[in-house]
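Report on the structure given below.
Read the numbers this way: they start at 1 and go in the same order the structure lists the ligands and their atoms.
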Amino acid sequence: MFLTNEEQQMCDGEFGETIRKSMDILVALGDIYGASKLVDITSAQVSGVSYKTIGDAGLEYLEDLARDGSGKATINASLNPPGTDLDNWEALGFPKDFAIKQNQIVDAYANLGISKTCTCTPYLVGNVPRFRDHVSWSESSAVAYVNSVIGARTNREGGPAALAAAIVGKTPLYGFHLDQNRKANLVVNVNCELKGADFGALGYIIGKVVGGGVPYFKLQNTPNNNDLKTLGAALASSGSVALYHIDNVTPEFDKADEAEVEDIMFVSDKQIQETRQNLSTTDKQPDLICLGCPHASLEEIKQVASILKGKTIKNKLWICTSVSVKATADRMGYTETIEKAGGNVVCDTCMVVAPIEEMGFEVIGVNSAKAANYVPSMCGLDVVYNDVENLIQFE
Ligand code: F3S
């Protein structure tokens with residue numbers, strides 16, 4: 001991979017150890033994937049934050065990287081969800097030892113200049129690249145959204161690569177950064193109208209078929225932004241989709257070049273309904289309903305508040321979101337309505353990266369196909385997959 005003089009000096013340690021180690025990662029990646037050079041980025045989103053997933057070894061790596069204080073993120077860089085609500089972990093019943101380690105991890109990232117945004121929907125809270133910007137994002141649903149809905153360009157980066165890119169301000173130029181890799185290779189004709197959890201079911205079906213390919217959807221009705229984040233999260237969890245197009249909806253849909261795509265498939269209402277059922281692992285009632293995968297938008301919190309207004313719920317309820325979105329939900333009175341009904345608006349974390357298996361829950365109700373896919377494997381718990389209205393039980 002071609003390096004400028006300045007980049008070579010970074011590799012040689014002339015800008016300090018943090019930058020040298022970061023360049024090691026980027027150059028190795030570029031060489032593996034045949035990148036021609038590094039390209040400037042405007043934004044990063046860094047995963048690998050929960051103590052549950054990175055443990056003590058991850059914390060040591062971060063503290064070591066920050067040790068000489070020579071490198072910090074040079075562009076808008078935000079952090080993925082950690083394993084706790086950073087401020088309210090005690091009241092919500094998170095284990096103390098876990099919470100202490102978790103805060104150390106987030107502080108180590110902050111020392112490297114990564115903001116404590118702590119969300120997988122950074123595009124809702126100020127980390128919003130422009131169309132065609134090169135970026136380095138790593139949480140899979142966020143990658144699908146920023147590539148597909150915003151039209152910025154990233155590969156599905158690992159956490160360390162996105163962190164290295166944030167510090168150097170560059171990433172290797174290959175894969176989804178290049179026009180030729182952004183064309184569709186599967187046309188998906190959906191034969192029914194979709195709403196709510198149907199979008200997750202569709203993403204789950206197609207992710208399994210297309211793997212790391214680029215699907216181009218022809219839908220019967222127009223999805224909103226919440227539907228798009230649900231769809232992308234599901235595509236990225238049953239498959240490894242980083243980019244999708246929707247006819248007349250996403251900004252690069254004309255790249256689909258339908259005439260050139262050989263693979264075409266059809267999805268029926270029957271398949272959607274069967275997939276919805278198959279995503280549940282039990283018929284039992286959930287003892288915890290967990291919404292907000294990907295992290296909830298203000299509109300989604302408003303919708304839940306309107307369902308709960310003046311009622312009392314039987315099951316526990318978490319709506320996971322960022323601290324910034326919750327601040328507005330607080331002002332709008334949505335949080336108070338939800339809390340009066342017996343639920344919680346939980347910041348920072350989510351049902352997959354939190355240690356919910358240590359908190360006495362057995363069956364988790366979710367409206368996200370990604371969460372339904374990961375809760376059994378990551379937490380060892382049963383899931384029920386349905387729309388919000390059907391998950392909540394009232395006294
Ligand atoms: Fe986000 Fe957690 Fe889902 S990181 S996409 S809420 S699994």
- prompt: Side chain of Arg182, backbone of Phe176: donor and acceptor closer than 3.5 Å?
  reply: yes
message: Need the ligand 1 atom indices (1-based, order shown) with element for anything under 4.0 Å from a heavy-atom of Ser141.
response: 5 (S)
field: Per-atom contacts, ligand 1 versus Val352 - under 4.0 Å to a heavy atom
entry: 7 (S)
field: Exercise: identify the closest heavy-atom pair between Glu252 and Phe131
entry: CG-CE1, 3.9 Å
message: Using heavy atoms and a 4.0 Å limit, tell me yes or no: is Ala371 in contact with ligand 1?
response: no
statement: Numbered in order shown, the ligand 1 atoms found under 4.0 Å of a heavy atom of Cys350 are 2 (Fe), 4 (S), 6 (S), 7 (S)
field: Those atoms of ligand 1 less than 4.0 Å from some heavy atom in Cys293
entry: 3 (Fe), 5 (S), 6 (S), 7 (S)
side-chain hydrogen bond (donor to acceptor under 3.5 Å, both in side chains) evaluation trace for Asn76 with Ser43: CA-CA 5 Å; Asn76 189 351; Ser43 157; 5.7 Å; no
field: Close approach, Gly292 and ligand 1, non-hydrogen under 4.0 angstrom
entry: yes
task: Check Cys192 against Ser268 and note the closest heavy-atom contact, atom names and distance.
output: SG-C, 4.1 Å
query: Are any N, O or S atoms from His295 nearer to atom 3 (Fe) of ligand 1 than 2.8 Å?
result: no
- request: Report yes or no: does Ala233 have a heavy atom closer than 4.0 Å to ligand 1?
  value: no
field: Same apolar cluster (I L V M F W Y, side chains within < 4.5 Å links), Leu65/Val168
entry: yes
message: When you measure from the side chain of Asp85 to the backbone of Cys347, do you find a donor-acceptor pair of N or O atoms at a distance under 3.5 Å?
response: yes
- request: Would you check if atom 1 (Fe) of ligand 1 lies under 2.8 Å from any N, O or S atom of Cys120?
  value: yes
field: salt bridge (Lys or Arg N to Asp or Glu O under 4.0 Å) between Asp179 and Arg153, intermediate numbers included
entry: CA-CA 10 Å; Asp179 275 343; Arg153 297 174 171 222; 2.8 Å; yes
- request: Give the numbers and elements of all ligand 1 atoms closer than 4.0 Å to a heavy atom of Glu139.
  value: 5 (S)
task: Examine Trp318 together with Phe94 and report whether their ring centres are nearer than 6.0 Å.
output: yes
- request: Check each atom of ligand 1 against the heavy atoms of Lys370 and keep those under 4.0 Å away; list them by number with element.
  value: 5 (S), 7 (S)
